[in-house]
Amino acid sequence: MTSGASSGDMAPRPQAEPQMRASDAERERIAEALREGVAEGRLTMEEFEERLDAAYRARTHAELEPLVRDLPVPGRPAAADPASAATAEGGWSGRIGSTPTSRTGIAVMSGFQRKGRWTVPRRFTSFVFWGGGEIDLREARFEDRDTVIRCFAIMGGIQVTAPPDLDVHVGGVGILGAFDHSGSGEGSPGSPRVTVTGLALFGGVAVERKLRKEERRRLKENRKRFLAERHEERRELRAERHAERRELRAERRERRRSLDRRWTDD
């Protein structure tokens, strides 16, 4: 039997628990901070490669945090500078205050989806029985800054997907099922607060964080550009080393000729 968090557990925490499992989105934020660090000359290529490898192998927040502790951009919303915080707040304010698209999602031996550019109401209720539901908040708008999503899964499953910069607090209960709390976490300044609660009976409710499509595309392009630049740097370095070896061999040949001429003259 899996029990949910009490009401006290839903209070915001100043930062993620050190032993909390790290998500792919968090690893990508750390990787992006490391790329900026090497691009600005704060990290050497060797330091970057070592830390990047450690970031992708990290399993907990305690393993990720030291990798960016000495960099000005740690890749965490709570530590963002005031200018970026103001930008983030302005971005969220433009996505709050719309008319709800729908208030319920029901699937009985079937499925439902709420994804894309839909508007989440103050209270959204989802119910699945022998079915599945998908609630994607990455591109969503919100009726209000405080949103409650209630999930009831009986012999079925509900997937809730949130962006990394959204304030999410999970407080559901699992009975002979699972109500995953790993998606809980604070968002960026100005982010709406989303509380996910409910019941999973012989079923499951999963709350996870994923990057938006545009962010994944940007990270992918940055990674390709970085790999191309690193390949070019290595190619230039190999060319320089080859040139140095050629010069060294030429100097050695010239020394031999000089010695041969001396012996001949003697």
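This structure is a prediction, so every number in the text was calculated from the model and none was measured.
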Kindly indicate, with the supporting measurements, whether the criterion side chain to side chain contact (heavy atoms under 4.5 Å, CB included) is fulfilled by R27 and R59. CA-CA 9 Å; R27 294 187 191 93; R59 292 292 176 264; 4.0 Å; yes
Evaluate L199 against I175 for side chain to side chain contact (heavy atoms under 4.5 Å, CB included), listing each step before the verdict. CA-CA 8 Å; L199 172 69; I175 300 177; 3.7 Å; yes
Which is it for S98 and R141 under the side chain to side chain donor-acceptor pair (under 3.5 Å) test, yes or no, and what are the steps along the way? CA-CA 7 Å; S98 302; R141 302 175 67 85; 2.9 Å; yes
Run R51 and D70 through salt bridge (charged side-chain N to carboxylate O under 4.0 Å, His left out) and show every step you take. CA-CA 12 Å; R51 295 192 191 192; D70 57 349; 2.9 Å; yes
Please report the C-alpha distance between V128 and I158 in whole Å, then the side-chain angles of each, then the deciding distance to 0.1 Å, and finally whether the side chain to side chain contact (heavy atoms under 4.5 Å, CB included) criterion is met. CA-CA 7 Å; V128 297; I158 298 176; 3.7 Å; yes
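Using a 4.5 Å cut-off on side-chain heavy atoms (C-beta onward), L211 and P164 make contact. Contact annotation: the side chain of L67 never approaches that of E65 to less than 4.5 Å [non-hydrogen atoms, C-beta and beyond]. Looking at heavy atoms from C-beta onward, C151 lies in side-chain contact with V160 at the 4.5 angstrom threshold. The shortest side-chain heavy-atom distance between V120 and L137 falls under the 4.5 Å cut-off. Between I154 and W130, the closest side-chain pair of non-hydrogen atoms is not below 4.5 Å. At a threshold of 4.5 Å between non-hydrogen side-chain atoms, the residues I135 and I149 count as touching.
Under a 3.5 Å cut-off, the side chain of T147 and the backbone N or O of V194 do not form any donor-acceptor pair. Counting only distance, with no hydrogens or angles, the side chain of R145 and the backbone of I96 share no donor-acceptor pair below 3.5 Å. In this structure, R209 contributes its side chain and L166 its backbone to a donor-acceptor pair below 3.5 Å. For R95 (side chain) and A140 (main-chain N/O), a donor-acceptor pair under 3.5 Å exists by modelled atom type. When atom types are taken as modelled, the side chain of R150 and the backbone of V148 share no donor-acceptor pair closer than 3.5 angstrom. At least one donor-acceptor pair closer than 3.5 Å links the side chain of R114 to the backbone N or O of T104. No donor-acceptor pair under 3.5 Å is formed between the side chain of R193 and the backbone N or O of D146. The closest donor-acceptor contact from the side chain of S126 to the backbone of G105 lies at 3.5 Å or more, if one exists at all.
Here the shortest heavy-atom pairing between A55 and I30 reads CB-CG2, 4.1 Å. The minimum heavy-atom distance between A200 and A178, with the atom names listed, is CB-O, 3.5 Å. When all heavy atoms of A33 and V68 are compared, the closest pair comes out as CB-CG1, 4.0 Å. Shortest non-hydrogen contact noted between A107 and G132 is CB-O, 3.8 Å. Contact between G190 and W92 at its shortest, heavy atoms only, is O-CB, 3.3 Å. In terms of heavy-atom proximity, D167 sits nearest to P192 at CB-O, 3.3 Å.
Under the 30°/60° scheme for interplanar angles, the aromatic rings of F179 and H181 are found to stand perpendicular. Aromatic ring pairs are classed by plane angle as parallel below 30°, tilted from 30° to 60° and perpendicular above 60°; the pair F124 and W118 is perpendicular.
A distance of 10.0 Å separates CD in E143 from OG1 in T101, rounded to the nearest 0.5 Å. Taken from CG in L43 to CG in L34, the straight-line distance is 6.5 Å, to the nearest 0.5 Å. Between E251 atom CD and R246 atom CZ the span is 13.5 Å, to the nearest 0.5 Å. The CZ atom of F129 sits 15.5 Å away from atom CZ of F152, with the distance rounded to the nearest 0.5 Å. The structure places CZ of R123 at 8.0 Å from OG1 of T195, a figure rounded to the nearest 0.5 Å. Rounded to the nearest 0.5 angstrom, R29 CZ and D165 CG are separated by 8.0 Å.
Using modelled atom types, one finds no donor on one side chain facing an acceptor on the other under 3.5 Å when comparing R103 with T125.
A salt bridge links K210 with E208: at least one charged nitrogen is closer than 4.0 Å to a carboxylate oxygen. Under 4.0 Å is where a charged nitrogen must lie from a carboxylate oxygen, and between E134 and K115 at least one such pair does.
In E50, the CD atom is not crowded: 12 or fewer heavy atoms of neighbouring residues, nucleotides or ligands sit closer than 6.0 Å.
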